[in-house]
Novice: 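My questions will all concern the structure given below.
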Amino acid sequence: MTKITAKDLRDSQKYPTKETLESKLDEMKAELNTLRVAKVSAGNPSRLGKIRVVRKNIGRILTIMNQRRKTEVRKYCREKGYKRLPKDLRPKLTRALRRRLTPKEQNAKTRRQLKKDRCWPMRKFAVKE
């Protein structure tokens, strides 16, 4: 079995539906089982090197399936008009960016500051040229 690239798996002509990816996954798992049996029964060494390739292919297929599932759920949430996405669907960002203040929190003023602004507004000057 040759290496399957993620680009090929994302290709909508080769793997248009979830079922096609699942069938490919089942095929890979079956091949992995036959290779493991061959390993135990002291098969030829050239086939034993394929175990790693098949395992990595299975991982790629599962990754693409999860990515597709997440994009479908994001699209569903957007269409339904949810205010907040579930946490696992939000952008990852960095820890510092996730914890920063929201624009509303940044512009918030205390009661005392609002009173000061109301009582002593910013002075306006007429400038002559």
Side-chain angles (χ1 to χ4, degrees):
M1 176 57 47
T2 60
K3 177 183 170 184
I4 300 175
T5 61
K7 182 180 177 182
D8 291 340
L9 291 171
R10 286 189 184 100
D11 189 15
S12 58
Q13 278 82 29
K14 286 185 181 179
Y15 304 99
T17 62
K18 179 182 171 183
E19 288 75 25
T20 54
L21 273 176
E22 285 176 349
S23 65
K24 189 70 174 173
L25 181 64
D26 292 337
E27 180 185 318
M28 287 287 165
K29 285 184 177 181
E31 185 172 351
L32 182 61
N33 284 334
T34 58
L35 288 171
R36 284 184 173 157
V37 168
K39 178 183 175 183
V40 171
S41 62
N44 69 2
S46 63
R47 286 192 64 193
L48 297 181
K50 289 184 180 180
I51 291 177
R52 181 177 187 273
V53 174
V54 174
R55 282 179 49 240
K56 300 297 178 184
N57 285 343
I58 290 171
R60 281 188 203 95
I61 292 170
L62 290 171
T63 300
I64 300 300
M65 288 171 66
N66 286 332
Q67 285 175 347
R68 282 188 182 182
R69 188 179 307 122
K70 278 192 174 187
T71 54
E72 288 170 8
V73 174
R74 277 191 191 105
K75 185 179 176 184
Y76 173 79
C77 290
R78 205 175 304 119
E79 288 171 357
K80 288 288 184 179
Y82 290 146
K83 288 186 179 180
R84 305 275 300 192
L85 279 174
K87 283 195 173 181
D88 61 332
L89 300 177
R90 293 180 196 168
K92 179 88 166 105
L93 302 175
T94 61
R95 189 168 189 264
L97 289 178
R98 287 194 306 266
R99 281 157 177 71
R100 72 180 170 196
L101 294 175
T102 63
K104 184 178 179 181
E105 292 168 339
Q106 287 175 348
N107 296 326
K109 291 185 178 181
T110 62
R111 221 181 286 158
R112 182 175 178 166
Q113 185 63 45
L114 289 171
K115 188 176 177 183
K116 275 182 165 183
D117 291 345
R118 196 171 46 251
C119 291
W120 296 284
M122 181 70 90
R123 293 181 181 177
K124 295 179 182 127
F125 298 98
V127 179
K128 282 187 176 179
E129 286 189 36

Novice: Is there a side-chain contact between Arg55 and Met28 in this structure, where contact means two heavy atoms from C-beta onward sitting under 4.5 Å apart?
Specialist: no
Novice: Considering all heavy atoms of both residues, which atom of Lys70 and which atom of Asp88 are nearest to each other, and what is their separation?
Specialist: NZ-O, 3.4 Å
Novice: Same cluster for Leu9 and Leu62 if Ile/Leu/Val/Met/Phe/Trp/Tyr side chains link at under 4.5 Å?
Specialist: yes
Novice: To the nearest 0.5 Å, how far apart are NZ in Lys39 and CD1 in Ile51?
Specialist: 5.0 Å
Novice: Could you tell me the separation between the CD atom of Glu22 and the CE atom of Met65, rounded to the nearest 0.5 Å?
Specialist: 4.5 Å
Novice: To the nearest 0.5 Å, how far apart are CD1 in Ile64 and CG in Leu25?
Specialist: 12.5 Å
Novice: Could you measure the distance from the OG1 atom of Thr71 to the CG atom of Asn66? Nearest 0.5 Å is fine.
Specialist: 10.5 Å
Novice: Working to the nearest 0.5 Å, report the span between CZ of Arg52 and CG of Leu35.
Specialist: 14.5 Å
Novice: If I compare all heavy atoms of Arg90 with all of Leu85, which pair ends up nearest, and what's the gap?
Specialist: NE-O, 2.8 Å
Novice: Mind listing the closest non-hydrogen atom pair of Leu93 and Arg98 along with its distance?
Specialist: O-NH1, 3.9 Å
Novice: Between Arg60 and Ala6, is there a donor-acceptor pair closer than 3.5 Å when you use the side chain of the first and the backbone of the second?
Specialist: no
Novice: Kindly indicate, with the supporting measurements, whether the criterion side-chain contact (heavy atoms from CB on, under 4.5 Å) is fulfilled by Thr2 and Val53.
Specialist: CA-CA 7 Å; Thr2 60; Val53 174; over 6 Å; no
Novice: For a quick test of reading the model, state the closest non-hydrogen atom pair linking Leu89 to Arg74 and the distance between them.
Specialist: O-NE, 3.0 Å
Novice: Atom CG of Leu32 and atom NZ of Lys50: how far apart are they, to the nearest 0.5 Å?
Specialist: 13.0 Å
Novice: How about Asn33 and Arg36: does a side-chain donor come under 3.5 Å of a side-chain acceptor?
Specialist: no
Novice: Is the shortest heavy-atom distance from the side chain of Thr34 to the side chain of Glu31 under 4.5 Å?
Specialist: yes
Novice: Within the side chain of Glu105, is there an N or O that forms a donor-acceptor pair under 3.5 Å with the backbone of Thr102?
Specialist: yes
Novice: Start with the C-alpha distance between Glu72 and Lys75, add both sets of side-chain angles, then the distance that settles salt bridge (Lys or Arg N to Asp or Glu O under 4.0 Å), and finish with yes or no.
Specialist: CA-CA 5 Å; Glu72 288 170 8; Lys75 185 179 176 184; over 6 Å; no
Novice: Show the nearest heavy-atom pair for residues Ile4 and Asn57, with the distance to one decimal.
Specialist: N-OD1, 3.0 Å
Novice: So Arg10 and Gln67, do their side chains get closer than 4.5 Å, heavy atoms only?
Specialist: yes
Novice: So which heavy atom on Lys24 is nearest to which on Tyr15, and how close?
Specialist: CE-OH, 3.6 Å
